[in-house]
Structures are given as C-alpha cells and as structure tokens.
Amino acid sequence: MALQIYINGKFYDKEDAKISVYDHGLLYGDGVFEGMRSYSGKVFRLREHLDRLYESARAICLEIPISKEEMEKATYATLQKNNLVDAYIRLVVTRGAGSLGLDPNKTSDPQVIIIADSISLYPAEFYENGLKIITASTIRNHPAALSPRIKSLNYLNNIMAKIEGLQAGCIEALMLNHKGEVAECTGDNIFIVKKGVLMTPPKDAGILEGITRNAILDLAKELGIVAFEQTMTRHDLFVADECFLTGSAAEVIPVVTIDGRPVGTGAVGVVTKRLLDAFKKLVHGK
Ligand code: PMP
C-alpha cells in the first residue's frame, strides 16, 4: 500500500496528497511545522512538540483548526495507518488557499498535514567519527525581523546557510547571530564541552529552542554533568574540548572539525559519548 498522508482528517495515497497552488504556505512560506520522531510506537516528547507548534502558530496569528488533543490523536492515527513504529513525523499547518496577495485575511481553511515516513538518519559513520562543519557567512534571521523561535515554513535563511555548508563539503553549517555570537546550525542546536562543563547558546541568541536540546540539558543534570546556557563566540568553539549537535532528525551527533580546525583532539569526546548513549537509552525507554 502507498504511504498514507493525513490532510484535514482524511488519508490520501502519497501521490494523491495535494493542496492548492494558491495556498499561502506555498506562495509565501506562510505556515508552521514540526519534525518529530517515534520510537517503538511512542512519539518522543509529543506534548513539547505540540506546544511549540501551537506557539509558532500563535506567533504568526494562525489559528490551527483542531485542538492539541485532536492533533495528538491524528498523529498516532497516521502512524497506525502506515504500520510505522520507528518513524520521522512531519506536522504541517499552512495558512490555506487565498488570493495572490500577502493578506492572510483573504485566505481560508488552514491545511493540516501529517506525514509519517521511515527514519532517515545521517550515515552511521558520522555518529562514530563525527561531522565536519563550517561557519556559514549567512547569519541567522534577526529576531526582530523573523524570530528563529517560530518554526515557520519559511526556511530560506537556513537553506542559504545549508547551501554554503554543502558547497564546502559539509552536511551541516554553523550560523552566527546578528551580534556575531554562535546561534545554531541550519537544522540542529549546538553544544560544546569545556573542562567537563556542557554549554549551549541561550534562547535569546536567536535560536529555535530545540526539544532535543532541552532533553540533553535534562540528561546532563541526571548524569551530574554541569550544564548551562552560555553566550559564545566562534573563539569558544575553537578552544572547546568537544562539540556536538542535537535535533529530532539528527538526534545527538558529534562534531570533530569546525572550519577545518580539529575540536579538542579531533576525536569524538567522552562527554559527548556519554550523552549520546544516555539519549539512546532515554528514547528507547531502557
Ligand atoms: N534548530 C533548527 C533551526 C531546527 O530546524 C531544528 C530542528 N527542528 C533544531 C534546531 C532542533 O530542534 P529539535 O530538537 O526540536 O528537533
């Protein structure tokens, strides 16, 4: 059976899952989304993802036509319909079809879309040997222009940085904020370890407050690792002992070089390994 996609309460074969070309989600990137994972049939931190989705929607004055409870039920229904237990799940809410102008008041019927598909992790070698990243010259959106805390369908800022990374042979790229401080990567949050202490940029660095990021901060506490939010510059990364990235898709992935410079010894760090193992145990419920 073809993959079944949820749109507004109904399921469609992947090939037939379509929305209007007048949808402002397509015309203007006007909408919000979430990327989540299920492990053994349970969606990891679903409540947090739903809270972030509804907050993103609220921030752009988009009313999601179904409640969080209905969205939760629809998410599990989509997994079940596709017989998926370990999956990547994309929730999308668009502004809906409108006229050929920006005015969101001239749109109707936000579209609620749920896609559940098999997981596509980065290749295993990256988890074992670590990633090489570069700093993109594209800075993260200025929070006063478009807050990075909104997970909107407008991802061009991140895509521009991703292109720079890919052109340099890297699958992830670091983005600085308008003050030149470390913000995050194109689709992942960033952590460093210095003298055994774990640090990550604060929310006001202009980042998406990652759910995996928060899970790692919780895990660090449980493991007795000192961890806090810290404003940092590229200097802090260059002199760090360890570095890793977090995200629902990437999970926890070590970084071993930044702009061609080795991080610490250039090998995957011990604190990173501890957290990576603890994260695996957490999501697999062991
Ligand atoms: N930053 C950005 C820009 C992202 O797109 C993502 C992935 N959604 C993250 C960070 C990581 O967030 P999460 O852990 O909630 O997936």
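Counting starts at 1 for both ligands and their atoms, following the listed order. Note that the coordinates shown come from a computational prediction; the quantities given were computed from them, not determined experimentally. Quick note: residue numbers are just sequence positions, from 1.
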### Message
As a test of reading the model: which residues have a non-hydrogen atom less than 4.0 Å away from ligand 1?
### Response
Arg52, Arg140, Lys151, Tyr155, Asn158, Glu184, Thr186, Gly187, Asp188, Asn189, Leu208, Gly210, Ile211, Thr212, Thr246, Gly247, Ser248
### Query
With distance as the sole criterion, is a donor-acceptor pair present between the side chains of Glu125 and Asn129 under 3.5 Å?
no
### Task
For Tyr12, enumerate each residue passing the ring-ring contact (aromatic ring centres under 6.0 Å, His included) test, keeping only those at least two apart in sequence or located in another chain.
none
Would you tabulate the side-chain donor-acceptor contacts of residues 94-104 under 3.5 Å, counting partners in other chains and residues two or more places apart, or write 'none'?
from: Thr94; atom 1: OG1; to: Asp23; atom 2: OD1; distance (Å): 3.0
from: Thr94; atom 1: OG1; to: Asp23; atom 2: OD2; distance (Å): 2.7
from: Thr94; atom 1: OG1; to: Gly96; atom 2: N; distance (Å): 3.2
from: Thr94; atom 1: OG1; to: Gln111; atom 2: N; distance (Å): 3.3
from: Arg95; atom 1: NE; to: Asp30; atom 2: OD1; distance (Å): 3.0
from: Arg95; atom 1: NE; to: Asp30; atom 2: OD2; distance (Å): 2.9
from: Arg95; atom 1: NH1; to: Ile60; atom 2: O; distance (Å): 3.3
from: Arg95; atom 1: NH1; to: Cys61; atom 2: O; distance (Å): 2.9
from: Arg95; atom 1: NH2; to: Asp30; atom 2: OD1; distance (Å): 3.0
from: Arg95; atom 1: NH2; to: Ile60; atom 2: O; distance (Å): 2.8
from: Asp103; atom 1: OD1; to: Asn105; atom 2: N; distance (Å): 2.8
from: Asp103; atom 1: OD1; to: Asn105; atom 2: ND2; distance (Å): 3.4

### Message
Keeping Asn157 on the side-chain end and Asn141 on the backbone end, is there a donor-acceptor pair under 3.5 Å?
### Response
yes
#### Entry: Test salt bridge (charged side-chain N to carboxylate O under 4.0 Å, His left out) applied to Asp204 - qualifying residues, sequence neighbours left out
none
### Query
Without hydrogens or angle criteria, can the side chains of Gln4 and Thr78 be said to hold a donor-acceptor pair below 3.5 Å?
no
